[in-house]
Amino acid sequence: MSATIQSIEAILVDIPTIRPHKLSMTTMGVQTMVIVRMKDSDGLEGLGEATTIGGLAYGPESPESVKLTIDTYFKPLLIDQPADAINTLRVRLNRATRGNNLAKSAIETALLDLQGKRLNRPVSDLLGGALHQHIPVLWTLASGDTAKDIDEAHSLIAQQRHCDFKLKIGSRAVMEDVRHVAAIKEAVGEQASVRVDVNQAWDEATAAKGMAELQAAGIDLVEQPTPMKDFGALIRLSEKFHIPILADESVADAKDLFALAAGGFAGAVAMKIAKAGGPIRALEQATVAQSAGLGLYGGTLLEGTIGTAASLHAWSTLETLHWGTEMFGPLLMKDDIVVRPLNFHANGVDLPQGPGLGVEIDEDKLAVYRRGA
Ligand SMILES: O=C(O)C[C@H]1C=CC(=O)O1
Ligand SMILES: [Mn+2]
């Protein structure tokens, strides 16, 4: 008899950020995580996380709606079911509920953690095995101030904590953004790769102007310049410029990526476990990207250590991550709720060791940061 799922708890956790994090659609001062604790009939516990950016500013699921979805709709479908039947449970959830991929990602992650602990194997082994134990991680410069961003970049390069940077642009006039980006690129020179994320803020004509300027300034990659549903614009821009485009909001799962690739898009894709509905689903995108000749990038919704560890286990199984990853979420938060934080060094992070995700909750810290504490 396999163990069955006995309880699922979805906990809202609020942790302040180390500095304001300015994106085109919101400025974050706190990150809210939904931590899932799933217990089985053998007394084992699986951990999962769903996180988004700025409440409802980034996408249609908020931390509060993720908790409600799990508590009200997912729990009755999962309690008393075999805990090791990960695919069966995914199909069961998908037949009964539409969308809500962030909530589904937290559940798939908790099931993988549980299964790993049961088999005494890391989650990466359940996904076919890790090819990398150390994974590159960039940093997002998003203080909103050019001089502060340059200081931050210089200090991180000196510490060898990061050598690639992503700049959040799109909230200011295009040429103001271009001057900001060009000043940072000039300050770091060849020491660092500089990329931008526009988070859908430009229309196609603005994007054409912006991309020409960014190309001239030596920027390496432009992420999601135009609105997510406007596949035609992404395709046309990718044909027009040699500076590559990274598709983010446009491609939640493998089907989205297939449609974009079939339309003629050339460039790369930001895989995110949250967008896709879990680590297994996110890796389906990698297969499509590899078949279509698109580059891979390990993306984040600024998850804390649990969601970041789950993503790292998935990305570790990929032979080539052409653009590395941005799995720095835990570093943007002032504190953590785990016993052993991830080890960020040498411009990357180590894949956590041990059974499951290799992450353990610090109960005292959780008690401090859980909402309503
Ligand atoms: O890429 C996004 O759109 C979301 C996120 C990832 C890094 C960051 O600073 O924001
Ligand atoms: Mn993005």
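The basis for the numbers below is simple: all heavy atoms, side chains too, and nothing from hydrogens, waters or symmetry mates. First listed ligand is number 1; within each ligand, the first listed atom is number 1. Numbering starts at 1 and runs along the sequence shown.
- Under a 4.0 Å heavy-atom criterion, Gln224 is not in contact with ligand 1.
- Of all atoms in ligand 1, numbered sequentially from 1 with element shown, those under 4.0 Å from a heavy atom of Thr140 are 7 (C), 8 (C), 9 (O).
- Residues Met228 and Val198 fall into different hydrophobic clusters, defined by Ile, Leu, Val, Met, Phe, Trp and Tyr side chains chained together at heavy-atom separations under 4.5 Å.
- If you run side-chain contact (heavy atoms from CB on, under 4.5 Å) between Leu294 and each of Val288, Val251, Leu260, Leu257, only Leu257 comes through.
- Here Glu108 does not pair with Arg281 in a salt bridge; the nearest charged N to carboxylate O distance is not below 4.0 Å.
- The shortest contact between atom 9 (O) of ligand 1 and any protein heavy atom is with His21 NE2, 2.8 Å.
- Glu45 has a carboxylate O that lies under 4.0 Å from a charged side-chain N of Arg37, or vice versa, which qualifies the two as a salt bridge.
- Checked by distance only, ligand 1 and Thr300 stay at 3.5 Å or farther apart across all their nitrogen or oxygen atoms.
- Side-chain polar atoms of Asp203 and Thr206 form a donor-acceptor pair below 3.5 angstrom.
- Test Leu312, Leu138, Leu342, Leu302 against Met327 for side-chain contact (heavy atoms from CB on, under 4.5 Å) and you get one pass: Leu312.
- By the 4.5 Å heavy-atom criterion applied to side chains, Val338 and Asp362 are not counted as neighbours.
- Rounded to the nearest 0.5 Å, atoms CG (Asp364) and OH (Tyr369) are 12.0 Å apart.
- Summarising the contacts of atom 2 (C) of ligand 1 with Glu326, Lys168, Met327, the nearest heavy atom is found in Lys168.
- Near Lys166, meaning under 4.0 Å from any of its heavy atoms, are these atoms of ligand 1: 1 (O), 2 (C), 6 (C), 7 (C).
- With values rounded to the nearest 0.5 angstrom, Leu331 atom CG is found 11.0 Å from Thr140 atom OG1.
- Not a single heavy atom of Lys275 lies less than 4.0 angstrom from ligand 1.
- Under 4.0 Å from ligand 1, the heavy atoms of Phe328 that appear belong solely to its side chain.
- In terms of N/O distances under 3.5 Å, ligand 1 is not approached by Glu249.
- Side-chain contact, Asp80 with Thr4: no donor N or O sits under 3.5 Å from an acceptor N or O.
- Within the protein, the N, O or S atoms sitting under 2.8 Å from the Mn ion (ligand 2) are Asp197 OD2, Glu223 OE2, Asp248 OD2.
- The proximity of Lys22 to ligand 1, defined as any non-hydrogen pair under 4.0 Å, does not occur for either the backbone or the side chain.
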